[in-house]
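Some notes on the structure that comes next.
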Amino acid sequence: MSDFQVNRRNRQEPSGTLFGRVIVAFVLFAGGLVLIGVGSAAEEPLGPFLFVGGILAVGLGFGLPMIGGYERLGSKQH
């Protein structure tokens, strides 16, 4: 049989902080999608800025949960 073990999660952050980060990331992602849609339908002077702002917001929505991800890996080697 195999000797399977699950590594314990070292809780470096309180659960409220993690929950808040998830909520902010979701709002950034959803708001970014709205900005992309509005920017693609908007007129010339403001449309491209809204579209690019939406892309940046979606990128931040994906990147925000990754802050400190390398430290959370613990003793794992890549």
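Along the sequence shown, residues are numbered consecutively beginning with 1. None of these values were measured; they are calculated from a predicted model.
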> What pair of heavy atoms forms the shortest contact from Gly39 to Leu50, and how long is it?
Replying inline: CA-CB, 3.7 Å
> In Å, rounded to the nearest 0.5 Å, how long is the span from CG of Leu28 to CG of Leu35?
Replying inline: 10.0 Å
> Nearest heavy-atom pair of Gly61 and Ala25: which atoms, and what distance?
Replying inline: O-CB, 3.5 Å
>> Using the rule that Ile, Leu, Val, Met, Phe, Trp and Tyr join whenever any side-chain heavy atoms are under 4.5 Å apart, tell me whether Val38 and Phe49 fall into a single cluster.
In response: no
> With Phe62, which residues qualify under ring pair (Phe, Tyr, Trp, His ring centres under 6.0 Å), at least two apart?
Replying inline: Phe29
> Do you know the tightest heavy-atom contact between Arg21 and Pro65?
Replying inline: CD-CA, 3.8 Å
> Which pair of heavy atoms, one from Ile36 and one from Ile55, lies closest together, and at what distance?
Replying inline: CG1-N, 3.9 Å
